[in-house]
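Below is one structure, written out as structure tokens; comments come after it.
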Number of protein chains: 2
Amino acid sequence: MKATIYDVAKEAGVSIATVSLVINGKGKISEERREEIRQIMVRMGYKPSMIATALTGKKTYAFGLLVPDISNPFFAEIARAVEDEGQRHGYSVFICSTDNKDEKARHYAALLQQKNVDGVIISTGMKELSVLNPLLQGGVPVALLAREFPSVAVPSVVVDDYAGGAAAAEHLISLGHSRLAVLAEQESISSSRERVRGFRQTAEAAGVFLEPLFVVSCGHKDGKDRAMELLQMKDRPTAIFCCNDLLAIGALRAAKEMGMRIPQDCSIIGFDDTVLASVTDPPLTTIAQPIEQMGQKAVQLLVRQIGQPGEEAERIVLPPSLTIRQSAAVPSNDSRYNHLDEKTSG
Amino acid sequence: MKATIYDVAKEAGVSIATVSLVINGKGKISEERREEIRQIMVRMGYKPSMIATALTGKKTYAFGLLVPDISNPFFAEIARAVEDEGQRHGYSVFICSTDNKDEKARHYAALLQQKNVDGVIISTGMKELSVLNPLLQGGVPVALLAREFPSVAVPSVVVDDYAGGAAAAEHLISLGHSRLAVLAEQESISSSRERVRGFRQTAEAAGVFLEPLFVVSCGHKDGKDRAMELLQMKDRPTAIFCCNDLLAIGALRAAKEMGMRIPQDCSIIGFDDTVLASVTDPPLTTIAQPIEQMGQKAVQLLVRQIGQPGEEAERIVLPPSLTIRQSAAVPSNDSRYNHLDEKTSG
DNA sequence: CTGAAAGCGCTTACAG
DNA sequence: CTGAAAGCGCTTACAG
């Protein structure tokens, strides 16, 4: 069997208390003894059992990461950042894919509590408070990542969605577009609403108003269909702002199926800047989220909370940035799809 | 604080032993008492602490998943499959990205052992046995997923790499290609070697021999560069078999940068069939791995081992399948890139 | 049918 | 400078 603290104590001819003290670098023990015991530990291949350590009231050095789906590239990248930063602070992470279902989220939250995790990072959408509340009441530190829940004071890190939407609008308008459309996520997703709001207000400030019919929200799978409807309207938009890259890819496909060329016949701009964006054809111009930084900040918030519970809930807002690739360009008038008047800027 | 078994015992007026028995559905306890105690548990919101449970010699209901990088779509999809099947059996999973570095793998392996996980699924490349051995010697159940380590008897699930390579060759040859190239992964990756072997032998059996210069192995980042070199050779290949989708994407880019059209000027075929494959332009024809099934089988192997240690190490080989999209086609002679004799079949 | 007691592998006051 | 003892929240024989 694996060596326990008793084995090394016996081997060293001391009590387990002494061994415990050297493990934790505590107490006043002669440096010689300390070193001697350390040697014995490595010789015996002794590693303290973290579960015993945890039972004794200390931490489990594990936390949970709730995401909609770990196989979604955005969350996979988030997970990597969280894992690395967690590791840096000594934590392991449990992955929990919820498919954005409150029920699954609740189930995972309860499970994580039973496992006595030191905290949980929530990056999944939640309709109800019923997933957050048990955690909060159980005194489990929580940090929100790329998600918010207005009514509760929980530390969170988000990208400035409004600014992201604004940047998209600015780019499109500077390119000379004036018939703008938006492919949004479900109404319930606050980040998506903010992106649309930023996009709309910035466009309007520039004198470009969004046709109500041109702003549509999509479910998980119907991005392509919605985009196609958009592109089939008369006086169709010359540019589409998509609230995430997956949606943008749907739009790309819709356009391709209709025989349109991107960006000549229609500009498309995405949001997130995951691997996918660099791989599509054409590569996506998109609003980049600082994914790595977001993951890092989230675990830092969580770790701070674990260290000093009851701290004030900080809210970190990170700036997005525009990544220009090739899916957005100056609108052209010579395409067979542009049979309408276009006020092309300079 | 959270309720403990003592709290519910007191509330129910029984001993903690009795409560424990009803928790575990053991012992002979009158159905009324049992039910009464159950009610009390739900009323008090009592959930047994899994860490105490684990200390008592039972399981932690957690296992580790070692992958090169969770943000790599292939492994992200693997992780999702593993998570779901794990969940189905009552296990949570720790993610561990190793970047294919033995040192990181060893570190994670040791950590997982300290955390007393019930097992670990290894899906990361390892150069040395030094990562596997401590686990094996520590009696930690292990299952290999999409990776093998010849010299040790560990349950594993892999795709039939040879057959995958063969399928790629068959497809390309049936399309009429005769100047075939291969973009392989590092020599050390056994699955890649097998794919190349299957590809080569099948081609040769059909009378098509691979130019030695046309078989190159790439590191993590230089797929595009290697592909470009390939495409710049005189008598350049008309088709490239890439040992994973990422490499194929590199080849796609190389071709695009050189002004070549895919598949008209060169056919490209990948391996894996992750999300990426369906998003590129043109969408990738690729050899699909049954990712979900692989993940499921791996956890089943692991769970079986946890249940009955010392079982014989089973090796499960799953068949790959060809997913035809648009990156491979009949070689054309009219391209400016095809200035050379081509024996185009039928 | 149910309780007392030991034990899992640690940590932490408390003595000395 | 170091040890004896209690305790973390459970499970498991062993009695009765």
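Just so it is clear: chains get the letters A, B, ... in the order the sequence lines come, proteins before strands, and each one is counted from 1.
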Quiz item: Base, sugar-phosphate alone, or nothing: which one does A/Ile29 contact when heavy atoms must sit under 4.0 Å apart?
Solution: sugar-phosphate

Quiz item: Contact class for B/Ile16 (heavy atom, under 4.0 Å): base, sugar-phosphate, or nothing?
Solution: base

[X] [atom1] to [N] [atom2], straight-line distance once rounded to whole Å:
{"X": "B/Glu31", "N": "C/dT2", "atom1": "CD", "atom2": "C1'", "value": "16 Å"}
{"X": "B/Met41", "N": "D/dG9", "atom1": "CE", "atom2": "P", "value": "17 Å"}
{"X": "B/Met50", "N": "C/dC8", "atom1": "CE", "atom2": "C1'", "value": "16 Å"}
{"X": "B/Gln113", "N": "C/dG9", "atom1": "CD", "atom2": "P", "value": "15 Å"}
{"X": "A/Asn116", "N": "D/dC8", "atom1": "CG", "atom2": "P", "value": "14 Å"}
{"X": "A/Asp7", "N": "C/dC10", "atom1": "CG", "atom2": "C1'", "value": "13 Å"}
{"X": "B/Leu55", "N": "D/dC8", "atom1": "CG", "atom2": "P", "value": "13 Å"}
{"X": "B/Asn24", "N": "C/dT2", "atom1": "CG", "atom2": "P", "value": "16 Å"}

Can you tell which of [options] lies closest to the side chain of [X]?
{"X": "A/Val14", "options": "C/dT2, C/dT12, D/dG3", "value": "D/dG3"}
{"X": "A/Ser15", "options": "D/dG3, C/dT2, D/dT11", "value": "D/dG3"}
{"X": "A/Thr53", "options": "C/dC1, C/dT12, C/dC10", "value": "C/dC10"}
{"X": "A/Thr4", "options": "D/dC10, C/dG9, D/dG3", "value": "C/dG9"}
{"X": "A/Leu21", "options": "C/dC10, D/dT12, C/dT12", "value": "C/dT12"}
{"X": "A/Lys58", "options": "C/dG3, D/dT11, C/dT11", "value": "C/dT11"}

Practice problem: Take atom NZ of A/Lys115 as the centre, draw a 6.0 Å sphere, and report whether it contains more than 12 heavy atoms from other residues, nucleotides or ligands. | Solution: yes

Exercise. Using both pair distances under 3.5 Å as the test, note the stems of at least 3 consecutive Watson-Crick or G-U pairs that include DNA chain C.
Key: C:1-3 with D:14-16, C:5-12 with D:5-12, C:14-16 with D:1-3

Quiz prompt | Exam field: side chain B/Asp118 to backbone B/Tyr61, donor-acceptor pair closer than 3.5 Å | solution = yes

Would you please confirm or rule out a distance under 4.0 Å between OP1 or OP2 of [N] and any side-chain N or O of [X]?
{"X": "B/Thr56", "N": "D/dC10", "result": "no"}
{"X": "A/Lys26", "N": "C/dT11", "result": "no"}
{"X": "A/Thr18", "N": "D/dG3", "result": "yes"}
{"X": "B/Arg33", "N": "C/dT2", "result": "yes"}
{"X": "B/Ser49", "N": "D/dC10", "result": "no"}

Practice problem: Can you check whether any acceptor in the base of C/dC8 is under 3.5 Å from a donor in the side chain of A/Tyr6, or vice versa? | Solution: no

Quick one: [atom1] on [X] to [atom2] on [Y], what's the gap to the nearest 0.5 Å?
{"X": "B/Glu83", "Y": "B/Arg88", "atom1": "CD", "atom2": "CZ", "answer": "10.5 Å"}
{"X": "B/Asn116", "Y": "A/Lys2", "atom1": "CG", "atom2": "NZ", "answer": "5.0 Å"}
{"X": "B/Glu77", "Y": "A/Ile70", "atom1": "CD", "atom2": "CD1", "answer": "11.5 Å"}

Exercise. Could I get the full list of side chain to side chain contact (heavy atoms under 4.5 Å, CB included) partners for A/Ile16, not counting sequence neighbours?
Key: A/Ile5, A/Tyr6, A/Ala9

Exercise. With the side chain counted from C-beta on, respond yes when A/Phe75 and A/Asp69 share a heavy-atom pair under 4.5 Å apart, and no when they do not.
Key: no

Quiz item: Start at the 5' end of DNA chain C and walk down; is the nucleotide closest to A/Ala52 or to B/Ala17 reached first?
Solution: B/Ala17

Quiz item: Is A/Arg106 salt-bridged to A/Glu103, cutoff N-O under 4.0 Å?
Solution: no

